[in-house]
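As structure tokens, the structure follows; a few thoughts come after it.
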Amino acid sequence: MSADSNPSNAAAPVPTDFIRDIVAQDVAAARFPKIVTRFPPEPNGYLHLGHAKSICLNFGIARENNGRCNLRFDDTNPAKEEVEYVESIQTDVRWLIDGWADHCLGFKAPGAAPAAGTVNGLPDFHAAAAPAGTAGAEPFYASDYFPQLYEYALTLIRKGHAYVCDLSPAETEEYRGSPDKPGRNSPFRDRSVAENLDLFTRMRAGEFPDGKRTLRAKIDMTSPNIWLRDPLLYRIRHIAHHHTGDAWCIYPLYDYAHCLSDYLEGVTHSICTVEFEVHRPLYDWILEHLDLPRPRPHQYEFAKLNLSYMIFSKRRLIQLVQENFVQGWDDPRLPTIAGARRRGIPARALRNFAYHVGVTKFDGLTDIAAFEHTLREELNGISHRRLAVLRPIKIVLTNIAEGEVLTCDATNNPQDENPTTRPLALTREVFIESEDFAEVPPPKYFRLKPGGEVRLKYACIIKCDEVVKDAAGQVTELRCTADLTTRAGGPNVDRKVKGTIHWVSATQSLDAEVRLYDRLFTVAEPGAEEDFKKFINPHSLEVVTAKVESSLATATPAERYQFERTGYFTVDSKDSAPGKLVFNRTISLKDTWAKK
RNA sequence: UGCCCGAUGGUGUAAUGGUAGCACAAACGACUCUGACUCGUUUUGUCUAGGUUCGAGUCCUAGUCGGGCAGCCA
């Protein structure tokens with residue numbers, strides 16, 4: 001990896017995009033004491049690569065400006081949210097930013113609630129971030145702001161900007177009109193402030209059943225922007241909340257809670273995806289109609305990530321998991337962050353990828369090849385090389401005695417400045433990859449063929465003397481002679497042959513389960529298909545029992561390995577155990593030969 | 001259909017009125033004890049039509065195409 005393509009390198013140029021340009025202008029104009037962004041997932045599912053883009057953007061801006069990025073759970077809909085997701089999201093975020101932007105992670109002091117105070121003579125609430133290193137610091141929760149949000153709602157009512165509406169859900173929809181047809185005013189729109197106050201207080205007190213009344217902003221039922229047609233601010237839901245329990249039976253809606261949560265936390269740049277563009281006038285309207293003394297946050301939108309051969313829709317991801325097309329949310333074939341981690345994708349590769357795709361408002365489709373390139377680029381630099389034979393075929397080196405062990409030096413990583421080595425045992429019987437032998441070789445075949453020569457990597461050149469077959473005509477073993485003069489230190493070490501292949505000793509090697517993952521879908525845009533499940537790649541997972549060199553006995557999930565000439569692998573964090581090795585293929589090596 | 005947003009090689013992006021550049025992909029070549037890596041060469045682009053300007057990918061108008069919005073979801 002070159003230094004200047006690596007955003008985690010201190011000397012690297014910072015990325016530029018239209019949002020960072022805006023932030024830079026705000027910094028230049030000293031509009032804010034500190035740049036504060038936020039990553040605000042709803043805890044209703046696992047994070048995926050699309051979220052990773054957003055995390056890298058928000059935390060990236062924070063770290064580039066000596067600012068902060070709050071992790072906030074946008075948990076205003078208790079019907080959909082669970083603690084399992086709260087926990088997985090924290091794990092994924094911390095993993096993704098570790099060693100890169102963890103010093104910018106905005107958490108609050110344990111149990112902290114927004115503090116009431118006075119700013120510029122006006123009453124104010126502020127949800128401060130805890131100083132770095134605060135013991136027990138925890139993420140922000142929108143649900144921690146329910147009391148303040150309730151106060152703000154009372155204020156809107158008093159100012160005549162909000163009213164309690166008794167329309168049923170169906171009636172509300174009907175009154176709203178449609179994009180090309182203006183809506184009509186609710187018959188409850190002109191209730192007195194006193195009545196609204198009374199009704200809203202009683203909503204909060206639990207006097208009314210679900211759906212009976214709502215609190216609405218009084219804006220304009222004829223607005224061409226549907227989100228300005230008296231949007232709902234609060235609904236009644238008699239349901240326990242994962243974070244606030246039974247404390248509330250009215251819950252704020254996204255548009256109301258989000259802008260105010262941003263404000264409470266002192267967020268300066270609220271960055272979301274383009275589908276919220278039409279919500280921005282409402283975001284601004286709410287903040288403008290409360291007399292908030294501190295600088296108001298502003299919303300900016302960018303296009304979400306689309307990757308070919310992948311699916312990001314939460315609804316569809318759930319189907320894949322629940323209908324057992326994959327094995328759980330961390331299945332390595334899934335575009336979830338948990339899946340990527342288990343597959344062996346380094347966090348830094350994800351960050352680099354986010355850097356390379358850029359940030360725009362254009363709704364494009366990024367080629368999966370760009371993602372794979374970033375992976376290989378990162379993995380190439382950090383992976384230790386190992387020899388592993390995925391589909392073994394036995395070779396007998398007839399001029400090596402049984403029991404004889406010749407030790408070879410193998411380079412751990414040629415990309416290192418001062419590469420280290422490890423010993424490898426060459427014995428009479430070895431395994432090579434079955435696809436590295438062809439009885440009838442295609443043109444330009446560099447590998448082993450009857451009567452042909454090939455080099456066993458780190459060992460010596462061998463010549464195929466005899467092909468042994470069983471009664472069915474299947475090749476069972478190859479009998480070869482080893483030219484020991486071509487070993488390291490030997491007189492003919494520099495003798496060239498066209499092909500060099502990987503191998504392992506038959507007696508000094510280990511069996512390992514190896515999971516060969518491939519793309520989950522067979523079409524570039526599975527999300528565009530009505531029945532996307534018809535396009536699931538039946539070969540997205542192939543499991544083989546491989547022969548791997550014995551040094552892999554102590555392999556850990558923290559390590560990345562390149563099985564030479566094959567691909568990048570890591571130990572499976574769940575299923576691997578001492579004595580029962582399981583490897584996941586992160587990504588194959590580029591193979592320009594196979595394409596021809 | 002009303003409103004909002006967008007459009008630069010095959011793909012993702014840069015150029016902030018002044019030489020259309022980068023990365024990926026593709027092709028060819030060099031190197032190679034990984035058909036990897038690395039290095040070199042090459043192919044391909046400003047949606048259309050008008051306008052403003054000495055000069056337009058950039059500004060204006062219209063069109064075309066694409067995306068988004070009508071949950072008491074976020």
Look at [X] and [N] and indicate whether a side-chain polar atom (N or O) is within less than 4.0 Å of OP1 or OP2.
{"X": "Arg565(A)", "N": "G35(B)", "value": "yes"}
{"X": "Thr16(A)", "N": "A14(B)", "value": "no"}
{"X": "Thr360(A)", "N": "U13(B)", "value": "yes"}

Sub-3.5 Å pairs of nitrogen or oxygen atoms, protein against nucleotides 29-32 of chain B:
none

Report which part of the nucleic acid [X] touches: base, sugar-phosphate, or nothing (heavy-atom distance under 4.0 Å, all strands).
{"X": "Tyr568(A)", "answer": "nothing"}
{"X": "Pro414(A)", "answer": "base"}
{"X": "Gln562(A)", "answer": "base"}

Problem - RNA chain B: 5'-proximal contact among Lys444(A) and Thr366(A) (nearest heavy atom) - result: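 Nearest-nucleotide comparison on RNA chain B picks Thr366(A).
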Between atom [atom1] in [X] and atom [atom2] in [N], what is the gap in whole Å?
{"X": "Asn413(A)", "N": "A36(B)", "atom1": "CG", "atom2": "P", "value": "17 Å"}
{"X": "Glu433(A)", "N": "A36(B)", "atom1": "CD", "atom2": "C1'", "value": "15 Å"}
{"X": "Leu387(A)", "N": "A36(B)", "atom1": "CG", "atom2": "C1'", "value": "14 Å"}
{"X": "Arg447(A)", "N": "U34(B)", "atom1": "CZ", "atom2": "P", "value": "13 Å"}
{"X": "Ile587(A)", "N": "C37(B)", "atom1": "CD1", "atom2": "P", "value": "12 Å"}
{"X": "His356(A)", "N": "A23(B)", "atom1": "NE2", "atom2": "P", "value": "10 Å"}
{"X": "Arg455(A)", "N": "G35(B)", "atom1": "CZ", "atom2": "C1'", "value": "17 Å"}

Practice task
Mind jotting down which residue pairs meet the salt bridge (Lys or Arg N to Asp or Glu O under 4.0 Å) criterion with at least one end in residues 172-183 of chain A? Sequence neighbours excluded, please.
Solution key: Glu174(A)-Arg184(A)
Handout entry: Listed once per pair and sorted, the salt bridge (Lys or Arg N to Asp or Glu O under 4.0 Å) pairs that draw on residues 487-505 of chain A, sequence neighbours left out
Key =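 Found Glu453(A)-Arg495(A), Asp483(A)-Arg495(A).
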Distance, [atom1] atom - from [M] to [N], rounded to whole angstrom:
{"N": "U52(B)", "M": "U42(B)", "atom1": "C1'", "value": "39 Å"}
{"N": "A74(B)", "M": "C69(B)", "atom1": "P", "value": "15 Å"}
{"N": "A25(B)", "M": "G9(B)", "atom1": "C1'", "value": "11 Å"}
{"N": "A56(B)", "M": "G40(B)", "atom1": "C1'", "value": "36 Å"}
{"N": "C22(B)", "M": "G66(B)", "atom1": "C1'", "value": "25 Å"}
{"N": "G68(B)", "M": "U1(B)", "atom1": "C1'", "value": "15 Å"}
{"N": "U16(B)", "M": "C73(B)", "atom1": "P", "value": "46 Å"}
{"N": "U38(B)", "M": "U48(B)", "atom1": "P", "value": "36 Å"}

Problem - Base-paired stems in RNA chain B, each at least three Watson-Crick or G-U pairs under 3.5 Å - result: B:2-7 with B:64-69, B:10-13 with B:21-24, B:26-30 with B:38-42, B:47-51 with B:59-63
Exercise for the section: Would you verify whether the NZ or CZ of Arg519(A) falls within 45 degrees of the ring axis of Tyr309(A) while also being under 6.0 Å from that six-membered ring's centre? Expected result: yes
Practice task
Kindly indicate whether a cation-pi arrangement holds for Arg213(A) with Phe208(A), taking the cut-offs as under 6.0 Å to the six-membered ring centre and within 45° of the axis.
Solution key: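 So Arg213(A) does make the cation-pi contact.
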Residues in ring-ring contact (aromatic ring centres under 6.0 Å, His included) with [X], at least two apart?
{"X": "Phe200(A)", "answer": "Tyr150(A), Tyr234(A)"}
{"X": "Phe276(A)", "answer": "Tyr254(A), His279(A)"}
{"X": "His502(A)", "answer": "none"}

Completion exercise
Heavy-atom contacts, protein to nucleotides 59-74 of chain B, under 4.0 Å, summarised as B (base), S (sugar-phosphate only) or - (none) per nt, yield --------SBSBSBBB
Fill in the blank from the handout: In B/S/- notation (B base, S sugar-phosphate only, - none; protein heavy atoms under 4.0 Å), nucleotides 38-44 of chain B written 5' to 3' is -------
Practice task
Before accepting this row, confirm whether a basic side-chain N of the pair Arg72(A)/Glu265(A) lies closer than 4.0 Å to the acidic partner's carboxylate O.
Solution key: yes
Exercise for the section: Return the nearest nucleotide to the side chain of Lys590(A); candidates are C24(B), C37(B), U34(B). Expected result: C37(B)
Problem - Anti/syn call for G71(B), syn if |chi| within 90° - result: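 Classified syn.
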Problem - Partner residues of Glu433(A) under the salt bridge (Lys or Arg N to Asp or Glu O under 4.0 Å) criterion, sequence neighbours left out - result: none
Practice task
Output all residues satisfying salt bridge (Lys or Arg N to Asp or Glu O under 4.0 Å) with Asp436(A), sequence neighbours left out; order by chain, then residue number.
Solution key: Arg447(A), Arg565(A)
Are any non-hydrogen side-chain atoms of [X] and [Y] less than 4.5 angstrom apart?
{"X": "Phe437(A)", "Y": "Ile501(A)", "value": "no"}
{"X": "Phe431(A)", "Y": "Ile395(A)", "value": "no"}
{"X": "Leu260(A)", "Y": "Ile286(A)", "value": "yes"}
{"X": "Leu424(A)", "Y": "Asp409(A)", "value": "no"}

Exercise for the section: Name all residues meeting the side-chain hydrogen bond (donor to acceptor under 3.5 Å, both in side chains) criterion together with Glu529(A); count only those two or more places apart in sequence or in a different chain, and write none if there are none. Expected result: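 Not a single residue meets the side-chain hydrogen bond (donor to acceptor under 3.5 Å, both in side chains) criterion with Glu529(A).
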Problem - Distance-only polar pair, side chains of Glu277(A) and Tyr300(A), donor-acceptor under 3.5 Å - result: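 On atom types as modelled, these side chains do not qualify, holding no pair under 3.5 Å.
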